[in-house]
Amino acid sequence: MKCQDIEKYIVPYADNEISRELQLIVEAHLQACPSCQQRVNRLQAKATAAQVTTSSLPPRSSRRRRKRKNWRRWTVATVATLLIALLIGTSFLTRLGEDLGLKKAAEQWFSTPVHASVTDQGITLKIMDILADPTRAVVTYVLVDDQGDILPDLYFETNQLYVTDEKGEKIAEGARFQRGEQYADLTFSLRNPPNHIVVHMDVKQYGAMEIKPVQWSLKIPVDIEKTMAASKTIPIHQSFTTPEGLNLHAKQVTYAPSATRLEIETQWTGEAKERIQKQARERLQMDPDESFLHDLLSHKISYHMEDEQGQIYADMVPGSVNQTKTVSLAEYTVENDADKQGWYGSFVPYEEKGKLILVLDEIMVNEPADISLTFDPKKLSRQPFRQQIGDNTYTLSPLVQETMEGTGEKVWKMELDIVGTTTSWPKWFLRDDKGRSYPVAIDYQRSPIEGSSAGAHVKETLLIKQLDQLPSQLTLLMQTQKKTYDNFQWRVEIPPAP
């Protein structure tokens, strides 16, 4: 999915108000797109900063009294945990109810206390810890004012942060921001990192609620030789082809200190690709171009992990098992094979006896759509066109001519309302009564997706190009529609950690 396709999903995703299907699509895109990840980071940081304010804290003196009063309530386990944290100088151990993988790795002494800092404009960026292994690098930091107080707003732009090898070759960028109670994390997804990496931080501004200028620059070398040595990658090489013709190949599993990562590659069979292209030609009466074919062949997968007793250990549905045991899916490009798509699924390290089993739940694909709307454009000014197809109601507004900003190109604007089960923006093209086709663009800035009592409400603003005069009849044809399949059983035993 392209950035323009995902733009309107960003806000509901950041607010956790999005369907499971859309969530998987957004998260896979974010892993490969630093720009969109940055927008999500900012929205989430704003929400957190609005909740975490210094006015909500009692005065320092009362905080000290409260801490002394609560001392008697601390358990032996809590005291022991804090003692270990003091000894190794890490903040990972003191986190409650958060990333269990990071806590497990810290308990095994894999985090690296850094304590690097840089100050500008009276604000100090202080790096507390870095935990890196073959799956990810997590940088924990705080922002502190000149009084030593941690700022409530810890966000800064993440497109100025990246990871390189010792030679300066970039190996990761687009960090994911996550705010804790008294700290923040930046997480980089790693793929086959070397034993020595360098985290680069060049920050020009900070703040989600109020953006302020600053000049912070840090280069932090990180030795991950220890975590690399403690990690093990085991081949699996189990394959399955769905009835729809999508081949899935469970390639390997990596057991790292902070996460277990499963690698799966997917590819349409040659027969399936021919069938999909043939369906497009028959239904839409056109040969799909490269962009259209890419949309047709795009897909997503969903699975869960269960133990030998059939209990779900980790799932791709957040909160279905435990919020700390969610499978995080990342999409990557398979080198030297454009037809294949790679997927990294990461979850909390499995330390129980016995094997884990991968269970494929469903695949989500795009198919050539069999939906068309035929109307008289001149009658739209008197009465909107409305048609019920399946679970959705389509309503067309009158065509209005307008000029494209910047290019000066004349286009016809038409608004299309879709109420029902559709939760994304369908792509269209237009055909007149003489069989001539016209390109249709979606103005995403004017195309919100909302909820209503009748279901999802998609408002598309369509821009029709290369159409000089309105003919007596036009047909709007949908290019693709999403479909989910779960008519299969694929279970793969994952080799246990050595």
Assess the side chains of [X] and [Y]: does a donor N or O sit below 3.5 Å from an acceptor N or O?
X	Y	result
His304	Asp361	yes
His457	Asp417	yes
Asp289	Ser291	no
Ser447	Lys459	no

Find out whether the Lys NZ or Arg CZ of Lys232 is both under 6.0 angstrom from the six-membered ring centre of Tyr255 and within 45° of the ring's axis.
->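 Here Lys232 fails the 6.0 Å and 45° test against Tyr255.
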| task | State yes or no: are the ring centers of Tyr141 and Phe156 separated by less than 6.0 Å? | result |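 Yes, close enough.
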| field | Ring-ring centroid check Tyr344 Tyr332, cutoff 6.0 Å | value |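 Yes.
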Distance in Å, Gln341 CD paired with Ile301 CD1, rounded so as to fall on 0.5 Å steps =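 The CD atom of Gln341 sits 9.5 Å away from the CD1 atom of Ile301.
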Between atom CZ of Arg136 and atom OG of Ser328, what is the distance when rounded to the nearest 0.5 Å?
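If we round to the nearest 0.5 Å, Arg136:CZ and Ser328:OG are 8.5 Å apart.
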Set of salt bridge (Lys or Arg N to Asp or Glu O under 4.0 Å) partners for Glu306, sequence neighbours left out: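 Per chain and number, Glu306 pairs via salt bridge (Lys or Arg N to Asp or Glu O under 4.0 Å) with Arg491.
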Measuring only between side-chain heavy atoms, which start at C-beta, is Val253 closer than 4.5 Å to Ile236?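 Of all side-chain heavy-atom pairs linking Ile236 with Val253, at least one is under 4.5 Å.
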For a quick test of your reading: what N or O donor-acceptor pairs under 3.5 Å do the side chains of residues 211-225 make, sequence neighbours left out?
{"from": "Gln215", "atom 1": "OE1", "to": "Lys204", "atom 2": "NZ", "distance (Å)": "3.3"}
{"from": "Trp216", "atom 1": "NE1", "to": "Ile123", "atom 2": "O", "distance (Å)": "3.3"}
{"from": "Asp223", "atom 1": "OD1", "to": "Glu225", "atom 2": "N", "distance (Å)": "2.9"}

Hey, which of Thr480, Asp295, Asn366 is the one that makes side chain to side chain donor-acceptor pair (under 3.5 Å) with Lys427?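 Answer to the side chain to side chain donor-acceptor pair (under 3.5 Å) test with Lys427 among Thr480, Asp295, Asn366: Asp295.
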Do side-chain atoms of Arg261 reach the backbone of Pro134 as a donor and acceptor pair under 3.5 angstrom?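 Side chain of Arg261 to backbone of Pro134: a pair is present.
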- Query: Should we count NZ of Lys126 as having more than 12 external heavy atoms under 6.0 Å?
  - Reply: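 Atom NZ in Lys126 is not crowded, with 12 or fewer foreign heavy atoms closer than 6.0 Å.
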